[in-house]
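In each ligand, atom 1 is the first atom listed, and ligand 1 is the first ligand listed. Counting begins at 1 with the first residue of the sequence.
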Amino acid sequence: MKNEDVIKISQEVLAQTYGRFPVVLVRGEGCKVWDVEGKEYLDFVAGIGVCNLGHCHPKVVQAIREQAGKLLHVSNLYHIEPQVQLAQLLVKHSFADRVFFCNSGTEANEAAIKLARKYSQDHFGPGRFEIISLLKSFHGRTLGALAATGQERFHKGFEPMLPGFKFVPQGDLAAMEAAISPATCAIMVEPIQAEGGVNLPDGGYLRALRRLCEQKKLLLIYDEIQVGMGRTGKLFAYEHYGVPPDIMTMAKGLAGGVPIGATLATEEVAKSFTPGTHAATFGGNPLSTAAGVAALRATIEDGILENCQRSSAHFMTRLEGLKKKYSFIKEVRGKGLMVGMELDREGKGVVMDCLKRGFLINCTVETVLRFIPPLVITPPEIDRLVKALDEIFSGWN
Ligand SMILES: *Cc1c(COP(=O)(O)O)cnc(C)c1O
């Protein structure tokens with residue numbers, strides 16, 4: 001089988017919603033993946049922050065194998081053992097008291113939006129439903145999460161958007177304060193914006209939002225779908241800023257590569273989700289939550305966060321080195337292994353050049369090269385990528 005054989009059929013039978021790179025990946029192990037022709041790639045995309053433990057982590061694979069032979073699915077009409085175990089772990093290691101499970105990030109955000117509206121109705125009566133989120137944010141593709149996403153290009157063609165969403169720039173407290181109205185029920189932010197180009201908040205920003213929420217009786221919602229599960233060197237990105245939310249969403253890396261989503265909340269807020277108010281057939285499914293238990297345990301117990309911090313320091317130093325050498329690199333920024341390199345030009349060509357040399361990287365908002373490798377990546381592997389980037393960039397001068 002050749003890459004081009006699969007690609008030809010892919011172009012005939014799949015909805016063409018993705019601009020795909022011309023390789024067919026068939027196998028993965030740790031930080032490496034292989035295409036159908038046997039070519040090896042070092043992976044700095046990790047399924048866009050899904051494969052934080054590396055590809056086919058043995059403990060996750062083992063948990064899936066065991067669970068698959070025991071019980072694949074039962075309804076949430078019944079209690080599900082691994083679902084309870086995963087919720088217990090999440091509660092133990094976060095601000096949250098309760099967890100609702102679903103199947104993806106966008107669904108986790110839908111649940112968060114519904115929960116915020118319901119809580120507000122329960123406590124303040126109707127007419128208080130508005131959510132303020134940030135420009136350059138990304139919260140998902142279903143209609144509610146899309147309406148919460150502060151990037152017009154994703155809305156185009158799908159109007160009218162669900163009403164009740166407003167956007168302000170990240171870091172602009174005056175704009176946030178001005179946007180709050182008697183109809184506002186919550187503020188929703190990614191602690192660090194990922195798809196928007198790796199945008200970190202100023203040190204005091206989340207704390208100021210928290211204070212504002214307390215003054216105006218609003219809920220603070222964090223979307224940790226991409227920056228959670230150890231990506232930034234702590235289990236959750238909000239831990240860097242010491243400011244917990246009322247509601248938090250997770251997905252991507254939560255189950256080590258299996259589809260899952262989760263909406264976490266404090267007891268006070270979660271009380272508004274009463275029987276019949278929300279549901280998901282596959283939510284908390286035995287297979288995905290068994291994988292989640294294995295993935296979360298490995299993340300906490302196997303030195304993953306420490307490796308992420310160490311490799312991050314090495315990576316940032318090496319990329320700063322490139323920045324000194326090439327004036328078209330405007331900035332290198334990031335936290336843990338959520339790393340961005342902003343260029344003064346389009347980055348798409350670099351992504352293709354890297355692919356040819358056996359490296360998977362990604363580019364967001366046209367000019368920001370983004371590196372989100374598995375958290376088990378090592379300095380020598382990072383050096384291989386930096387060397388390739390250096391060679392590619394030196395051809396530009
Ligand atoms: C990926 C992502 C989503 C959407 O998750 P899906 O599983 O693709 O629906 C939402 N928010 C953030 C921050 C994301 O990175």
**Report entry** side-chain contact (heavy atoms from CB on, under 4.5 Å) between Gln67 and Lys70, worked out
**Finding:** CA-CA 5 Å; Gln67 188 60 47; Lys70 224 163 47 179; 4.0 Å; yes
Pair [X] + [Y], salt bridge at N-O below 4.0 Å:
X: Asp390; Y: Lys325; answer: yes
X: Arg310; Y: Glu306; answer: no
X: Lys114; Y: Glu110; answer: no
X: Lys118; Y: Asp122; answer: yes
X: Asp246; Y: Arg210; answer: yes

Requested in this report: Measure centre to centre between the rings of Phe328 and Phe393, then say whether the value is under 6.0 Å.
Outcome: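 Aromatic pair counts; centres sit under 6.0 Å.
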Query raised in the report: Closest non-hydrogen protein atom to atom 14 (C) of ligand 1, residue and atom name please, with distance?
Result: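 The closest heavy atom on the protein side is Lys252 NZ, 2.9 Å.
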Report task. Looking only at protein heavy atoms, identify the closest one to atom 5 (O) of ligand 1 and say how far it is in Å. Result ->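 Nearest protein contact, heavy atoms only, for atom 5 (O) of ligand 1 is Gly105 CA, 3.3 Å.
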Report task. May I ask you to identify, for Ala194, whether its side chain, its backbone, both or neither come under 4.0 Å of ligand 1 on a heavy-atom basis? Result ->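 Answer for Ala194: neither.
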Query raised in the report: For ligand 1, is any non-hydrogen atom under 4.0 Å from His139's backbone (N, CA, C, O), its side chain (CB onward), both, or neither?
Result: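 Looking at His139 and ligand 1, just backbone atoms fall under 4.0 Å.
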Which of the numbered atoms in ligand 1 are under 4.0 angstrom from any heavy atom belonging to [X]?
X: Asp223; answer: 10 (C), 11 (N), 12 (C), 13 (C)
X: Thr106; answer: 4 (C), 5 (O), 6 (P), 9 (O)
X: Ser104; answer: 7 (O), 9 (O)
X: Glu190; answer: 13 (C)

Query raised in the report: Considering all protein heavy atoms, does one lie under 4.0 Å from atom 11 (N) of ligand 1?
Result: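 So atom 11 (N) of ligand 1 has protein heavy-atom neighbours under 4.0 Å.
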Query raised in the report: Would you say Phe138 and ligand 1 have an N/O pair spaced under 3.5 Å apart?
Result: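 Yes: some nitrogen or oxygen of Phe138 is under 3.5 Å from one in ligand 1.
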